[in-house]
Enquirer: 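Structure in structure tokens, see below.
Note that the structure is a prediction, hence the values are computed from the model and not measured. In what follows, chains are A, B, ... by sequence order, proteins preceding strands, each numbered from 1.
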There are 2 protein chains.
Amino acid sequence: MAARLKDIARDLNLSVVTISKVLRDHPDISTETRERVLKRMKELNYRPNLAARALVTGRSYIAGLVVPDLVHPFFGQVAKAISSVLRKKGYSLVLSSSEDDPELEQQEIDQLLARRVDVLIVASTQSTVETFRRLEEQKIPYVLIDRKFDELTANFVGVDDEAVGALATSHLVEVGCRRIAHIGGPKVSTAIGRADGFRLALRANRMSTPAEYVVMREHGDDAGDASGYEAMKRMLALKQKPDGVFCYNDPTAMGAMKAVLEASLRVPEDVAVVGCGNVAYADFLRVPLTSVDQQSDAIGDRTARLALGLLEGGAPAKAKMVLLEPKLVVRASTMRHKRAG
Amino acid sequence: MAARLKDIARDLNLSVVTISKVLRDHPDISTETRERVLKRMKELNYRPNLAARALVTGRSYIAGLVVPDLVHPFFGQVAKAISSVLRKKGYSLVLSSSEDDPELEQQEIDQLLARRVDVLIVASTQSTVETFRRLEEQKIPYVLIDRKFDELTANFVGVDDEAVGALATSHLVEVGCRRIAHIGGPKVSTAIGRADGFRLALRANRMSTPAEYVVMREHGDDAGDASGYEAMKRMLALKQKPDGVFCYNDPTAMGAMKAVLEASLRVPEDVAVVGCGNVAYADFLRVPLTSVDQQSDAIGDRTARLALGLLEGGAPAKAKMVLLEPKLVVRASTMRHKRAG
DNA sequence: TTGAAAGCGGTACCAA
DNA sequence: TTGGTACCGCTTTCAA
């Protein structure tokens, strides 16, 4: 159906090679021929078959991106930022969602490899590094984002999660919280790093926290996360309630806030709440939410640059680790008295 | 780098054809040969080059999806739903974002066509139908979603936007609003349809509305949409303030709510607010937002089925139009007295 | 400046 | 049951 080089060549009594050269702006083509060819291309609405081209050049000009959840605004933002950088260099971004399922992630990666993407970008949900070792064996360039693996010295771009936890927690200390809790996430590097940062900050402030004040959840990422709600509810039932809580992410924080308000307590006066992610609507919540920004645009931008470097840069170079500094955005959910110490 | 049929054939002293047959579960291969081949494939971590296959079969097994905004939860949800149906049939979904820019949309479509997608799914931001006429000429199957064109009898899946407007507006009437305003969207079918529904519902209730009560915005889709805020602010400055407002979408409604609250008025007592989209966090807003659900999952599901039908179904069939019924989700932002009439 | 031939990694068709 | 040959649409190399 679609026009091919061959069609144009036939119509113009030229060879396929000549047309191909015009297509790629090859210098040694007479202006006249070039004109004729371009004219005919336009008439036929010609589009080179990129699959065929990829087959011979060995470059698909596709970057594959696998994220755990397309609907999560963080990943959407990152994808948008990556795409806008890559597009300028002629690359397409093929997006896949793993739905936070390691097996599905594996399938999606296989699919992308079968399409011979030039580079793979993954926010992985795997618990082992096997997949990535195999990528290395096959010399397929890849960049991890958001979640990293200690066992792996791979290219990585993400926010410094320990800093996230420490930033949020010290802020709670600063606004006068004395019994600070943490509702954490599943067993991935982001959640673990943030929990570590939480503990570090407490120690730095010579504070400690009872075991019941730290909960690591299994799943849950929806707005008003049910497990954040449950976890908070349980903490509020303790004889010593916490007066501040740092939540793994914003949805969790929204769930926690709901629990606090339902218990007829006030945010931030009785319990101050900090989330992470800085979702666009944080300002419009029942109590505007203080949150640690994850720098999604910066992550996307750096990731895309790194990926391009892997593709264009000749030298293999060793794995590059980009750790971005998180930023705290203070809103009503932690605005109580200043420095109570 | 990656293994090819040829490599396996050489290693096993077989022909490429035989390996290819094993790959595709062709019946006439001896069990023994099959075993040997499969074993070697596993060892080499063989993955068929889909681009090469596409070249000869003429089918890429790729569906292309172009949306105006990846970060918008509605499109994210739709993409997820489409993808999950297509994946089961062996299709990959390649996602592009047009950033609400008609030119960029055109580029993305071209890019997808160059990759020879089997079918195109577009939530178009174009103002003319030229692009789609060309698709028809080239016999490339496509499905429009969300936004439609009157000039075009194309496959379409979306919610009934007139019904959206009517549903929201009658609800406002029912809860006792007497001066109902509408903050609409840009000049695309969704916004126009919802505004039409708004007018219809008013007429059906023998109500009318001053011109200042209807605003159609140009752009804006972020959480707490600035133009929703501005529009509402202006209306609140009128001598006769509206007592209810139907907003084009949820972000707009959030902006409008902000304006109402800042004016020291109450939602819903002074001004009731209805949005559209039913975002996941609607329940957690300063005032939980009544919203018309757009059925993103159903849209995705029906779209994917329709697309598959276009691909697998032999008969060309005539354009199919799927109009889904919207559903109202009532929350605090409109919970005032019942039927004041 | 132009083009013939070979080949990228597969599949289809038909013969052995 | 197995394989030879041609070919998908394009680029590369080298010769004319």
Enquirer: In this structure, how many angstroms lie between the P atom of D:dT12 and the CD1 atom of A:Ile19, rounded?
Expert: 16 Å
Enquirer: Determine: side-chain N/O of A:Arg24 to OP1/OP2 of D:dT12, distance under 4.0 Å, yes or no.
Expert: yes
Enquirer: Can you tell me if the side-chain N/O atoms of B:Thr18 get under 4.0 Å from OP1 or OP2 in D:dT2?
Expert: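 Indeed not, no polar side-chain atom of B:Thr18 lies that close.
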Enquirer: Nearest whole Å is fine: how far is C:dT1 C1' from A:Glu35 CD?
Expert: 16 Å
Enquirer: C:dC13, C:dG3, C:dT2: which one has an atom nearest the side-chain heavy atoms of A:Asp28?
Expert: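 Among the listed nucleotides, the one closest to the side chain of A:Asp28 is C:dT2.
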Enquirer: Let me know the distance between CZ of B:Arg4 and C1' of C:dG9, rounded to the nearest Å.
Expert: 8 Å
Enquirer: Within the pair B:Ser30 and D:dT2, is there a side-chain N or O less than 4.0 Å away from OP1 or OP2?
Expert: yes
Enquirer: As a test of reading the structure: which of C:dG3, C:dG10, D:dT11 is closest to the side chain of B:Ala52, going by heavy atoms?
Expert: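 Out of C:dG3, C:dG10, D:dT11, the nucleotide with an atom closest to B:Ala52's side chain is C:dG10.
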Enquirer: For a quick test of reading the model: is some side-chain N or O of A:Lys21 closer than 4.0 Å to OP1 or OP2 of C:dG3?
Expert: no
Enquirer: From the options D:dC10, D:dG3, C:dT11, select the nucleotide whose nearest atom is closest to the side chain of A:Val56.
Expert: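 Looking only at heavy atoms from C-beta outward on A:Val56, the closest nucleotide is D:dC10.
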Enquirer: For B:Ser92 and A:Arg115, test the side chains for any donor-to-acceptor distance below 3.5 angstrom and give the result as yes or no.
Expert: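 A pair is found: one side chain offers a donor N or O, the other an acceptor, under 3.5 Å apart.
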Enquirer: Given C:dG10, is OP1 or OP2 found less than 4.0 Å from the side-chain N or O atoms of B:Tyr46?
Expert: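 Yes.
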Enquirer: In terms of side-chain heavy atoms of A:Pro48, which of D:dC10, C:dG10, D:dG4 is nearest?
Expert: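 From the listed options, D:dC10 comes nearest.
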